[in-house]
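Before any comments, here is the structure.
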Number of protein chains: 2
Amino acid sequence: MINVMKKITQNSDAKIYPMPFTRIELVVMSVVNDCLSVLLGKREQAPYAGLWALPGGVVRIDLDANLEASAQRVAQERLAIQMPYLRQQCAVGGVSRDPRAPWAVSIVYRALSRAEEFNPTAGKRLDALRWCPVDEAMADNYLAFDHQQLIAQAVAATRSEIDRLELPFGFLPEQFTLGELQTACEIMLGRRLDKSSFRRRIDERALIEPIEGEMRIGSFRPAQLFCQKAQT
Amino acid sequence: MINVMKKITQNSDAKIYPMPFTRIELVVMSVVNDCLSVLLGKREQAPYAGLWALPGGVVRIDLDANLEASAQRVAQERLAIQMPYLRQQCAVGGVSRDPRAPWAVSIVYRALSRAEEFNPTAGKRLDALRWCPVDEAMADNYLAFDHQQLIAQAVAATRSEIDRLELPFGFLPEQFTLGELQTACEIMLGRRLDKSSFRRRIDERALIEPIEGEMRIGSFRPAQLFCQKAQT
DNA sequence: GTTGTTAGTTGCATCACACCACTAACTATA
DNA sequence: TATAGTTAGTGGTGTGATGCAACTAACAAC
């Protein structure tokens, strides 16, 4: 820390400025039980002890190469998962944002993931974690800090991406049918989509390709299986 | 500073984490001489002394209520202007981002402004400031730090907004004709627009309204003057 | 075989927009 | 006074993306 201050002192103003307490917050979303849900952790300590909050962690300048790496480390430590499709959402910060420090900044990242890939028993510092339907998380005073607002932003940004069909996202399994893909999009958007338009738009964008000969066989007519197209 | 560290120590981990050197950078754009331009300041000190860079400043947790207020203060101090339509663009940060500190974060804000409103002689710490055409700023090694990339991002985001006709922006004067508005949009987008489509789209969105009886009289046929519609 | 359900396709209406052509209003100049 | 030149403003038409609806196909269950 001494070293840090020395460096900062070299700034043109030749003053020492205290720096904000800087954290990462993660908005990890998934479709669970036909509901768009968000991953929440139960707070064990003050402030907001007992309330649910987004998982997050401190930016460690001794460990992380950059902000994205911070977010990946936090995901690994707190959730024990890799987050391949992490997107930076915003930075929020100010006085009285976090009672633990006089001034705090949070860099917020969002991602979609597959709930099935998530193993809530691993990882260090894993207090209670749960998938919470976003509708529930939007209830007043359910969440700590301003996390309700952050989730609302993340949901809006995600819906906008899905509206524009900016696949692929982390929520896609290896293989899937068009019906499954459409249902997942409908749940995330919160509204129904037209089958024929959806299919037309999907293959115009050429983001996925059929797996020749592979079909999903279930109760009714078999469906063609698809996978993500290799990025060009 | 002692106080800050004490507070941070109250964190659950009971450790002192050094925090990143946190700054604000401003990407202020305007149309100058029929060119989309960006406001740059000449660096007087190391690092990158003599090179041009985005104006910016340190986040002052003793002065600023939040990040937006930081950005406003930096704009006031370095540029002596208010920036009514400031939008947060991104946060970038990591090791070796800024030689003045081992780990630095910049919160980047962008805005459009009217060059005419800008008075480059006022303000404290005003080293040389100039409007630089973005094409010029995109030349290799012209700018300090990663500011070339930040400007490219800001231009892209701004163009996307104008594409969607998300007016009003800070670049609009009190009164303007549709022709002037279209020309400004064309310069910012870097391409021509169709007159009739532009007008139809503008009045579908109902963002501006004619000023009854007010016309711009010049060399040719008089043109209706418009102003921004009061926000609802 | 009949029914029910999902898979997958096709045709048509609609809407937003680009492209093009036109009229209107003014100045400048002959 | 007439004509040319320039910008302001409007209207028509084709096209492409999408929503809507109807259709066929393929399977399981009965």
Side-chain angles (χ1 to χ4, degrees), chain A residues 31 33-34 159-167 172-229, chain B residues 31 33-34 159-167 172-229:
Chain A
V31 172
N33 298 329
D34 295 338
R159 286 189 169 154
S160 163
E161 280 186 332
I162 295 178
D163 259 328
R164 295 192 301 268
L165 247 41
E166 285 181 6
L167 313 185
L172 287 174
E174 286 280 314
Q175 303 188 340
F176 50 88
T177 68
L178 289 177
E180 291 161 3
L181 179 59
Q182 182 179 344
T183 301
C185 288
E186 285 173 340
I187 290 170
M188 291 187 284
L189 286 171
R191 63 185 169 85
R192 302 302 305 270
L193 296 172
D194 177 69
K195 183 167 55 166
S196 95
S197 308
F198 183 77
R199 287 164 188 242
R200 242 182 328 208
R201 299 204 312 145
I202 283 285
D203 76 38
E204 271 166 14
R205 280 157 187 77
L207 294 169
I208 64 176
E209 56 187 356
I211 312 170
E212 292 302 332
E214 291 287 310
M215 307 291 278
R216 168 140 308 159
I217 32 186
S219 299
F220 303 105
R221 173 174 171 176
Q224 177 64 55
L225 280 169
F226 289 79
C227 64
Q228 295 183 41
K229 205 170 238 177
Chain B
V31 173
N33 298 329
D34 295 338
R159 286 188 170 156
S160 163
E161 281 186 332
I162 295 178
D163 258 329
R164 297 190 300 268
L165 247 43
E166 286 182 5
L167 312 185
L172 286 175
E174 287 281 314
Q175 302 188 341
F176 50 89
T177 68
L178 288 178
E180 290 161 3
L181 179 59
Q182 183 178 344
T183 301
C185 287
E186 285 173 341
I187 290 170
M188 291 187 284
L189 286 172
R191 64 186 169 85
R192 300 303 303 272
L193 296 172
D194 177 70
K195 184 167 55 166
S196 110
S197 307
F198 183 76
R199 284 162 189 243
R200 236 176 309 131
R201 296 177 57 206
I202 283 284
D203 77 39
E204 270 166 15
R205 280 154 188 80
L207 294 169
I208 66 176
E209 56 188 355
I211 312 169
E212 293 302 331
E214 291 286 310
M215 306 291 278
R216 168 140 308 159
I217 32 187
S219 300
F220 305 105
R221 173 176 171 177
Q224 176 66 55
L225 280 169
F226 289 80
C227 64
Q228 296 183 41
K229 203 171 238 176

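All chains are named by letter (A, B, ...) in the order of the sequence lines, taking the proteins before the strands, and each is independently numbered beginning at 1. For clarity, every value in this text was computed on a predicted model and none was experimentally measured.
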Review item, nucleotides 23-28 of chain C N/O atoms under 3.5 Å of protein N/O:
unit_1, atom_1, unit_2, atom_2, d
C:dA24, N3, B:Arg221, NH1, 2.7
C:dA25, O4', B:Arg221, NE, 3.4
C:dT27, O4', B:Ser219, O, 2.7

Polar atom pairs (N or O), protein with nucleotides 10-16 of chain D, under 3.5 Å:
unit_1, atom_1, unit_2, atom_2, d
D:dG11, O6, B:Ser196, OG, 2.9

#### Entry: Point-to-point distance, once rounded to the nearest 0.5 Å, from CZ of B:Phe176 to CG of B:Leu172
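Here the rounded value is 5.0 Å.
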#### Entry: Distance (rounded to the nearest 0.5 Å) between B:Gln175 CD and B:Leu225 CG
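It comes to 5.0 Å.
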### Under 3.5 Å donor-acceptor, A:Arg199 side chain and A:Leu178 backbone
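Looks like no, no N/O pair under 3.5 Å.
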### Message
Any residue in residues 179-188 of chain A with a heavy atom nearer than 4.0 angstrom to DNA chain C? Just list them by number, or reply none.
### Response
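Hits under 4.0 Å, by residue number: none.
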### Query
Going by heavy atoms closer than 4.0 Å, what residues in residues 206-213 of chain B are next to DNA chain C?
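None, since no heavy atom is under 4.0 Å.
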### Query
So do the side chains of A:Leu167 and A:Leu181 get within less than 4.5 Å of each other, counting heavy atoms only?
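Sidechains of A:Leu181 and A:Leu167: in contact.
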### Task
For B:Phe226 and for A:Glu204, locate the closest nucleotide of DNA chain D by heavy-atom distance; then report the residue assigned to the nucleotide nearer the 5' terminus.
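Result: B:Phe226.
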### Query
What's the verdict on salt bridge (Lys or Arg N to Asp or Glu O under 4.0 Å) for A:Arg191 and A:Asp163, showing C-alpha distance, side-chain angles and the deciding distance?
CA-CA 11 Å; A:Arg191 63 185 169 85; A:Asp163 259 328; 2.5 Å; yes
### Query
Checking all strands, does A:Arg205 fall into the base, sugar-phosphate, or nothing category for heavy-atom contacts under 4.0 angstrom?
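Touches sugar-phosphate only.
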Spacing between [X] atom [atom1] and [N] atom [atom2], to the nearest angstrom:
X        : N      : atom1 : atom2 : answer
A:Ile202 : D:dG19 : CD1   : P     : 13 Å
A:Leu178 : D:dA25 : CG    : C1'   : 16 Å
B:Gln224 : D:dG9  : CD    : C1'   : 11 Å
B:Phe176 : D:dA8  : CZ    : P     : 14 Å
A:Arg164 : D:dT18 : CZ    : C1'   : 17 Å

Output a table of donor-acceptor pairs, distance under 3.5 Å, between side-chain atoms of residues 202-216 of chain B and any protein atom two or more places apart or on a different chain; print 'none' if there are none.
unit_1, atom_1, unit_2, atom_2, d
B:Arg205, NH1, B:Arg201, O, 2.9
B:Arg216, NH1, B:Glu180, OE1, 2.8
B:Arg216, NH1, B:Glu180, OE2, 2.3

### Task
Please step through side-chain contact (heavy atoms from CB on, under 4.5 Å) for the pair A:Cys185 and A:Gln182, ending with a clear verdict.
CA-CA 5 Å; A:Cys185 288; A:Gln182 182 179 344; 5.7 Å; no
### Query
Does B:Ser160 have any side-chain contact (heavy atoms from CB on, under 4.5 Å) partners at least two apart in sequence or in another chain, and if so, which?
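B:Ser160 satisfies side-chain contact (heavy atoms from CB on, under 4.5 Å) with B:Arg164 only.
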#### Entry: Residues A:Val31, A:Met188; criterion side-chain contact (heavy atoms from CB on, under 4.5 Å); working and verdict
CA-CA 7 Å; A:Val31 172; A:Met188 291 187 284; 3.8 Å; yes
